[in-house]
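Take a look at the structure below.
Model, not experiment: these values are computed from the prediction.
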Amino acid sequence: MRVSRLDKLFLTKHLATMIKAGVPLSEALNTVSEQATPDLATLLKKIEEDVENGMNLATSMKKYPKVFDTFYVSLIAAGEASGTLEENLRFLAIQLNKDYILSKKISGALFYPGLVISATVIMGTIISWFVLPQLADLFTSFDVALPLSTRILLGFAALMKNYGGLIIFGMIGLVFLLVFILRIKPIRYLFDSWIIKWPFVGKIVVDGEMARFSRNLGTLLSSGIPVVNAMEITRDTLSNLRFKKDLKEIIEKVSEGKNISLAMDTKKHSEFSRMSTKMVEVGEKTGKLDEILIYLSDYYEEEIEDVSKNLSNILEPILLLIIGVVVAFVALAIITPIYSLIGGIK
């Protein structure tokens, strides 16, 4: 059963609207299912049956963890318990929309560099496999001393001619192997700890996790969920294992009675900036931690947008320069022996 993020957003928005209008929950679920995608409609029919049999909406949704995560179910449960289901659904719709926009910003920041690099690799592979081997046969027939650039190109062409298939399939296999290896938790943790130290890309990852952490925790706190429970739920919504490990340590300190701002200790948990800990400290002192966290999430989302623009501006000339150097080298390697041959004929 595949329910997309947009399907969840559609469901949440429509449920909030209909419950606000006074439509009974089971009837609202039935109405949404009639307009939903096939998979979502099937799921909603099952939830509708549970609700009609007296089950809480949150309890029914909890049966489908791949669709409704802990964060989603917890807000639904809090809304049902406090009589603010419509308000919490509206909160969820806003958060889902922001999360969707955030993921688009992050993928958008990495799209252009990825596109250029992928296009370069594909074109390079086609030229190396089909064009260069033909040129190799031509140049070896020249009765002239070949320059170093041409000899390097011919060596690469011979390599691709003899072992091109193995090299390409080996590279594809390496990608699948890396994906498999990164599913091993200790290795994934080392990778996640390493990637946050990268220039630009690391900042995008850190800001993305901080935006998600701040927004989700702020939303849960505003719904009346206790701090430690809210932090544990928020931890499950993060994807970077370094963040998750550090947040687990922070939760342990908070559960012992320490303030969140003190537990965040920027020396030990460097991904939490001094600015974010100070803002959290202000929120704790004023009793408006949920509002401060929502403000922080907006700040980090704006940071991602700025970094993504700068990343594109910096990488564009670098990538063009690299491609230009490769093209110039290939052109030089092809043209130089032709001039040498013409000179020898004269």
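- Residue Ile225 comes nearest to Ala230 through the heavy atom pair CG2-N, 3.8 Å, listed as atom of the first residue, atom of the second, then distance.
- The environment of NZ in Lys253 is crowded: more than 12 heavy-atom neighbours from other residues, nucleotides or ligands sit within 6.0 Å.
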* After noting the C-alpha distance and the side-chain angles of Arg215 and Tyr300, does the key distance pass the side-chain contact (heavy atoms from CB on, under 4.5 Å) rule? -> CA-CA 10 Å; Arg215 185 174 64 250; Tyr300 280 113; over 6 Å; no
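- Between Lys285 atom NZ and Ile292 atom CD1 the span is 12.5 Å, to the nearest 0.5 Å.
- By the salt bridge (charged side-chain N to carboxylate O under 4.0 Å, His left out) test, Asp50 pairs with Lys63, sequence neighbours left out.
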* Chi angles and distances behind the salt bridge (Lys or Arg N to Asp or Glu O under 4.0 Å) call for Glu209, Arg242 -> CA-CA 10 Å; Glu209 291 292 87; Arg242 169 66 182 273; over 6 Å; no
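- Heavy atoms only, all atoms of each residue included: Ser222 and Asp290 are closest at CB-OD2, 3.4 Å.
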* Decide side-chain contact (heavy atoms from CB on, under 4.5 Å) for Leu57 and Glu80; before the verdict, give the C-alpha distance in whole Å, the side-chain angles of both, and the deciding distance to 0.1 Å. => CA-CA 8 Å; Leu57 179 61; Glu80 288 183 303; 3.1 Å; yes
Indicate every side-chain donor-acceptor pair of residues 85-92 with a distance under 3.5 Å to a residue at least two apart or in another chain.
residue: Asn88; atom: ND2; partner: Leu75; partner atom: O; Å: 2.8

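- In this structure, NZ on Lys245 lies 13.5 Å from NZ on Lys185, to the nearest 0.5 angstrom.
- Not a single salt bridge (charged side-chain N to carboxylate O under 4.0 Å, His left out) links Arg235 to another residue, sequence neighbours left out.
- For Phe71, there are no ring-ring contact (aromatic ring centres under 6.0 Å, His included) partners, not counting sequence neighbours.
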* **Evaluation steps, side-chain contact (heavy atoms from CB on, under 4.5 Å), between Leu40 and Phe10** => CA-CA 10 Å; Leu40 180 59; Phe10 165 82; 4.2 Å; yes
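- The nearest pair of heavy atoms linking Ala78 to Thr84 is O-OG1, 4.4 Å.
- For Phe272 and Phe213, the gap between ring centers is short of 6.0 Å.
- Looking at heavy atoms from C-beta onward, Met210 lies in side-chain contact with Phe243 at the 4.5 angstrom threshold.
- Considering all non-hydrogen atoms of both residues, Ala263 and Val254 come closest at CB-CG2, 4.1 Å.
- Val227 and Leu247 fall within a single hydrophobic cluster, where Ile, Leu, Val, Met, Phe, Trp and Tyr side chains are chained together by heavy-atom contacts under 4.5 Å.
- When hydrophobic clusters are built by joining Ile, Leu, Val, Met, Phe, Trp and Tyr residues whose side-chain heavy atoms come closer than 4.5 Å, directly or via intermediates, Ile184 is grouped together with Leu177.
- By the rule that hydrophobic residues join a cluster once side-chain heavy atoms approach within less than 4.5 Å of another member, Ile294 and Ile233 end up as members of separate clusters.
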Quiz: residues 192-199 side-chain donor-acceptor pairs under 3.5 angstrom, not counting sequence neighbours:
residue: Asp192; atom: OD1; partner: Arg188; partner atom: NE; Å: 3.1
residue: Asp192; atom: OD2; partner: Arg188; partner atom: NE; Å: 3.1
residue: Asp192; atom: OD2; partner: Leu241; partner atom: N; Å: 2.8
residue: Ser193; atom: OG; partner: Tyr189; partner atom: O; Å: 2.9

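- Between atom NZ of residue Lys8 and atom CG of residue Leu96 there is a gap of 5.5 Å, rounded to the nearest 0.5 Å.
- Side-chain contact check for Leu11 versus Phe68: some heavy-atom pair is nearer than 4.5 Å.
- Crowding of Lys244 atom NZ: a count of heavy atoms from other residues, nucleotides or ligands under 6.0 Å exceeding 12.
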Show me, pair by pair, the donor-acceptor contacts under 3.5 angstrom made by side chains of residues 20-32, not counting sequence neighbours?
residue: Asn30; atom: OD1; partner: Lys45; partner atom: NZ; Å: 2.8
residue: Asn30; atom: ND2; partner: Glu34; partner atom: OE2; Å: 3.4
residue: Thr31; atom: OG1; partner: Glu27; partner atom: O; Å: 2.9

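- Here the CG-CZ distance, from Leu174 to Phe169, works out to 15.0 Å after rounding to the nearest 0.5 Å.
- Donor-acceptor pairing under 3.5 Å is lacking for the side chains of Tyr299 and Ser214.
- A donor-acceptor pair shorter than 3.5 Å cannot be found between the side chains of Glu48 and Ser33.
- At a threshold of 4.5 Å between side-chain heavy atoms, the hydrophobic network of Ile, Leu, Val, Met, Phe, Trp and Tyr places Leu262 and Ile250 in two separate groups.
- Contact of the Lys46 side chain with the Thr42 side chain is registered, since non-hydrogen atoms from C-beta on lie closer than 4.5 Å.
- Of all heavy-atom pairs spanning Thr12 and Ala93, the tightest one is CG2-N, 3.6 Å.
- Atoms OG1 and CG, on Thr237 and Asn216 in that order, are 4.0 Å from each other to the nearest 0.5 Å.
- No continuous path of ILVMFWY side-chain contacts below 4.5 Å connects Ile94 to Leu221, so the two sit in separate hydrophobic clusters.
- Nearest heavy-atom pair across Ala211 and Ser297 is O-CB, 3.4 Å.
- Contact annotation: the side chain of Leu296 approaches that of Met275 to within less than 4.5 Å [non-hydrogen atoms, C-beta and beyond].
- Ile260 has its side chain within reach of Leu289: a pair of non-hydrogen atoms, C-beta onward, lies under 4.5 Å apart.
- To the nearest 0.5 angstrom, Thr234 atom OG1 is 10.5 Å from Asn229 atom CG.
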